[in-house]
Amino acid sequence: MNKPLMTGAAALIPVILLSGFALAQSAQVEALRGADVDEPVPLDEIHRNVEGRIQRNYRQQPPLVPHSIEQYQIDLRTNQCLSCHDWTKAGERNAPTLSMTHYLDRDGNELDNIAGTRYFCNQCHVPQANAPALVDNVFEPSSGN
Ligand code: HEC
Ligand code: HEC
């Protein structure tokens, strides 16, 4: 083995690294978001979740969800929506109680727990994002006449 040559090459490594570093330092670093690192950039309003109660577009419409639902798991075992909206919790959580229609089974019997037919909330209730419409919508509710 040619030891002295190996150590020579190894000694060169920091030199190469350092000069590379110096080069990188002198080049202008451009942030991807187009602003200095310490400059606050306000989030775009577009695609933000719409917060605050949203008016119904027709009388029987399931109310739209006025908050994000990203973190709320709904599966066979858990339904996190119920931890705020079930009648047993809504008061202390300051959330609107589930409509009483959600406690009726298919035969109209009143239940203490949410009816199976209303368990998967996001079948009917969806949040809204402030995003450009993908297709035009000319829906008008019936006047009821
Ligand atoms: C941490 C508590 C909490 C959780 C969990 C929660 N909500 Fe809410 N929800 C609220 C509160 C508080 C309001 C009232 C907000 C307001 O008035 O702006 C609300 C409002 C709503 C409304 C509007 C009701 C109306 O009459 O306009 C719907 C629909 C709704 N939530 C559905 C859901 C669904 C579906 C989930 C689960 C994916 C969920 N919520 C999870 C607290 C919660
Ligand atoms: C099959 C559709 C459907 C499902 C599933 C459903 N809802 Fe609803 N929800 C409605 C409709 C329609 C209304 C408005 C009419 C009414 O009060 O029944 C409503 C009303 C509500 C309201 C408003 C109550 C009020 O008095 O203002 C809340 C809150 C709500 N639902 C939460 C939920 C949550 C949470 C779940 C899941 C546990 C859920 N809903 C499941 C259709 C549904």
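Please read all numbers here as calculations on a predicted model, not as lab measurements. All ligand and atom numbering here is 1-based and tracks the order in the structure. This chain uses plain numbering: 1 for the first residue, then up along the sequence.
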Give me the pairs of N or O atoms, one from ligand 2 and one from the protein, that sit under 3.5 Å apart.
{"from": "ligand 2", "atom 1": "7 (N)", "to": "H102", "atom 2": "NE2", "distance (Å)": "2.7"}
{"from": "ligand 2", "atom 1": "7 (N)", "to": "H125", "atom 2": "NE2", "distance (Å)": "2.7"}
{"from": "ligand 2", "atom 1": "9 (N)", "to": "H102", "atom 2": "NE2", "distance (Å)": "2.9"}
{"from": "ligand 2", "atom 1": "9 (N)", "to": "H125", "atom 2": "NE2", "distance (Å)": "2.8"}
{"from": "ligand 2", "atom 1": "17 (O)", "to": "S99", "atom 2": "OG", "distance (Å)": "2.7"}
{"from": "ligand 2", "atom 1": "18 (O)", "to": "S99", "atom 2": "OG", "distance (Å)": "3.0"}
{"from": "ligand 2", "atom 1": "18 (O)", "to": "T101", "atom 2": "OG1", "distance (Å)": "2.7"}
{"from": "ligand 2", "atom 1": "31 (N)", "to": "H102", "atom 2": "NE2", "distance (Å)": "3.0"}
{"from": "ligand 2", "atom 1": "31 (N)", "to": "H125", "atom 2": "NE2", "distance (Å)": "2.8"}
{"from": "ligand 2", "atom 1": "40 (N)", "to": "H102", "atom 2": "NE2", "distance (Å)": "2.9"}
{"from": "ligand 2", "atom 1": "40 (N)", "to": "H125", "atom 2": "NE2", "distance (Å)": "2.8"}

*Residues, nucleotides or ligands: over 12 heavy atoms within 6.0 Å of E92 CD*: yes
*Does a sphere of radius 6.0 Å around CG in N94 hold more than 12 heavy atoms from other residues, nucleotides or ligands, not counting ones at 6.0 Å or beyond?*
no
*Using a strict 4.0 Å cut-off to heavy atoms of L64, name the atoms of ligand 1 that fall inside it.*
23 (C), 29 (C)
*Contact atoms of ligand 1, heavy-atom distance to N94 under 4.0 Å*: 12 (C)
*Name all pairs fulfilling the salt bridge (charged side-chain N to carboxylate O under 4.0 Å, His left out) condition that reach into residues 46-60, sequence neighbours left out, sorted by first residue then second.*
E45-R48
_Strictly distance-based, threshold 3.5 Å: is any side-chain N or O of N79 a donor or acceptor partner for the main-chain N or O of C81?_
yes
*Would you name the heavy atoms of Q123 and T117 that are closest together and state the gap between them?*
OE1-O, 4.3 Å
*When you look at N113 and Y119, which way does the side chain to side chain donor-acceptor pair (under 3.5 Å) test go after all the steps?*
CA-CA 10 Å; N113 299 315; Y119 186 83; over 6 Å; no
*For the residue pair H67 and Y72, categorise the inter-ring angle as parallel (less than 30°), tilted (30 to 60°) or perpendicular (more than 60°).*
perpendicular
*Pick one of side chain, backbone, both or neither for how I54 approaches ligand 1, counting any non-hydrogen atom pair under 4.0 Å.*
neither
